[in-house]
**Q** 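This is the structure, below, for whatever I ask next.
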Amino acid sequence: MAYFENVNKIKYEGLDSNNPLAFKFYNPEEKINGKTMEEFLRFGVAYWHTFTQDLTDPFGSGTAIRPWNNYTGMDLAKARVEASFEFFEKIGAPYFCFHDIDIAPEGDNLRETNKNLDTIVAMIKDYQKDSKVKLLWNTANMFSHPRWVHGAATTSNADVFAHAAAKVKKGLEVGKELGAENYVFWGGREGYETLLNTDLKLEFDNLGRFFHMAVDYANEIGFDAQFLIEPKPKEPTTHQYDFDVQSGHAFLQKYGLADKFKFNIEANHATLAGHTFEHELRYARINGMLGSVDANQGDPLLGWDTDEFPSDLYTITLAMYEIIKNGGLGSGGLNFDAKVRRGSFEPEDLFHAHVAGMDHFAVGYKVANKLIEDQVLENIVADRYSSYKEGIGLDIVEGKTDFKKLEDYALNQTEIKNKSGRLEVIKATVNQYLLRAYAGE
Ligand code: XLS
Ligand code: NI
Ligand code: NI
């Protein structure tokens, strides 16, 4: 049975195509630097946004028309699996991602929940046999149910901590069963509302203990996926512990976990933290911590996680610049942690949204690649820091100076000259590269 009868397999038709259900830029087979776009970009579909959620917002109920809407309970979960593999196949995304409760409903207790999960996991495994589609990552939803009200690994309630451990234990087993390439920890409720009732030190220490136990258990069962922390500064919690990559990295280092984890960086979370997307990617990259990406974008006029499909070509280009410089994402990928707007409620909108996201990343990839090929930013940066290549600058970076020597040098300086940073022309150059891509060059 087909759930998306009106949609055929999406093909690459090129820049001149007017077919909304065709790629204009993303050509999965096109090779860049010896790799096909499909191999390098590693697109993933987020199960929760695409198959589970109904476009509810805080002021109104769901609007989504979905061909599986007439099912309930486990039948609904099964219908979603069938629909999802049809979707993956038609859109041509090689990966998907899910939270445990996206794929199977919670039962009355943990045993029942795990049983539901086992049924659906077996079904997914069966579908995977006839499909190229792989699991980029899975995770445990430890934020929706009321039990997580005070947190999961950072809860004030030890019984909840134990429940969280059991959920992640199961998640690691599921990941292993389905061949997940990564396992994600997003601390939706790991944080606090107010310090007035919070033991900050105990909560951080418990988070460290929790992650160590997760690492140990993965080793024990031979699950070798890359572990990823997904930072977000706030929402739903007022202050979230994995605030951004820099603070997350400090946490991992303090608790001796830095060699076990990398980061899953989400564009909208970066901007909520007051950073650009590319800042988070750069910080992770220069520290060898760039693991995977949740490809979406926020609305600059709104202060929350709107999870829109990515369309800002400028930002995407700068993000792809970081990813290329990183040598790709390794076992990570570009997961569309993005939902169609509440007004885009028809099933076909799910395809339009993914076509747009994939095309936009293909543009960014090509433009960034060209920028790097021509060494545009590299030359600018090399020139800007050229004073460290010789003389006193070289002594500084080689550790051959101290304050006395530097004072001696400074006292004998006649005139200090700075060079222009040339911000405007640099931005114009990046735009020029983008516009050339529009022109198909
Ligand atoms: C929410 C997060 C979430 C994670 C996975 O803001 O982005 O969807 O990606 O738990
Ligand atoms: Ni995310
Ligand atoms: Ni998010």
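Whatever order the structure lists ligands and atoms in, that order sets their numbers, starting from 1.
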**Q** Quick one: report the N, O or S atom of D337 that is nearest to the Ni ion (ligand 2).
**A**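 Closest to the Ni ion (ligand 2) among those atoms: OD2.
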**Q** With nothing but distance in play, are any N or O atoms of W186 less than 3.5 Å from an N or O of ligand 1?
**A** no
**Q** Give yes or no for whether the N/O distance cutoff of 3.5 Å, strictly under, is met between E230 and ligand 1.
**A**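 There is such a contact, yes.
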**Q** Of all N/O/S atoms in D294, which lies nearest to the Ni ion (ligand 2)?
**A** OD2
**Q** On the 0 to 90° scale, with breaks at 30° and 60°, tag the H249-F263 ring pair as parallel, tilted or perpendicular.
**A**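 Perpendicular, since the angle between the ring planes exceeds 60°.
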**Q** Do the ring planes of F143 and H99 sit parallel (below 30°), tilted (30 to 60°) or perpendicular (above 60°)?
**A**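 Ring orientation, 0 to 90° scale: perpendicular.
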**Q** To the nearest 0.5 angstrom, please state how far the CG atom of D242 sits from the CD atom of E190.
**A**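 The CD atom of E190 is 8.0 Å from CG of D242, to the nearest 0.5 Å.
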**Q** Can you label the angle between the F336 ring and the F43 ring as parallel, tilted or perpendicular, going by 30° and 60°?
**A**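 F336 and F43: parallel rings.
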**Q** Measure the distance from atom 8 (O) of ligand 1 to every protein heavy atom, then report the residue, atom name and distance (to 0.1 Å) of the closest one.
**A**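 Of the protein heavy atoms, D337 OD2, 3.1 Å lies nearest.
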**Q** Find all atoms of ligand 1 within a distance of less than 4.0 Å from any non-hydrogen atom belonging to D294, and give their numbers and elements.
**A**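 Here the atoms of ligand 1 in question are 9 (O).
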**Q** Assign the ring pair F223 / Y183 to parallel, tilted or perpendicular, where the plane angle (0 to 90°) is split at 30° and 60°.
**A**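 It falls in the perpendicular class, over 60°.
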**Q** Can you tell which of E235, H49, E266, K339 gets a heavy atom nearest to atom 7 (O) of ligand 1?
**A**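 Looking at heavy atoms only, E266 sits closest to atom 7 (O) of ligand 1.
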**Q** Please determine whether D305 has a backbone or side-chain N, O or S atom lying under 2.8 Å from the Ni ion (ligand 3).
**A** yes
**Q** Could you tell me which atoms of ligand 1, counted from 1 in the order shown, lie closer than 4.0 angstrom to a heavy atom of W48?
**A**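 Those qualifying, in numeric order: 8 (O).
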**Q** I'd like to check L41 versus M320 (side-chain heavy atoms, cut-off strictly below 4.5 Å). Are they in contact?
**A**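 Contact flag for L41/M320 side chains = yes.
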**Q** Report the name of the N/O/S atom of E266 located nearest to the Ni ion (ligand 3).
**A**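 Of all N, O or S atoms belonging to E266, OE2 is the one nearest the Ni ion (ligand 3).
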**Q** Between I103, D126, N138, which is the residue that forms a side chain to side chain contact (heavy atoms under 4.5 Å, CB included) with V121?
**A** I103
**Q** Below 2.8 Å, any N, O or S contact between E230 and the Ni ion (ligand 2)?
**A**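 A backbone or side-chain N, O or S atom of E230 is under 2.8 Å from the Ni ion (ligand 2).
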**Q** Could you check E181 against Y95 for side chain to side chain donor-acceptor pair (under 3.5 Å), going step by step and ending with a plain yes or no?
**A** CA-CA 10 Å; E181 298 189 19; Y95 287 99; 3.1 Å; yes
**Q** Quick one: sort the Y47 and F96 rings into parallel, tilted or perpendicular, breaks at 30° and 60°.
**A**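 The rings of Y47 and F96 sit tilted, inter-plane angle from 30° to 60°.
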**Q** So which of the N, O or S atoms of H269 lies nearest the Ni ion (ligand 3)?
**A**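 Among the N, O or S atoms of H269, the one closest to the Ni ion (ligand 3) is NE2.
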**Q** Quick check: does K232 get an N/O under 3.5 Å from an N/O on ligand 1?
**A** yes
**Q** Quick one: does H99 get an N or O within less than 3.5 Å of an N or O on ligand 1?
**A** yes
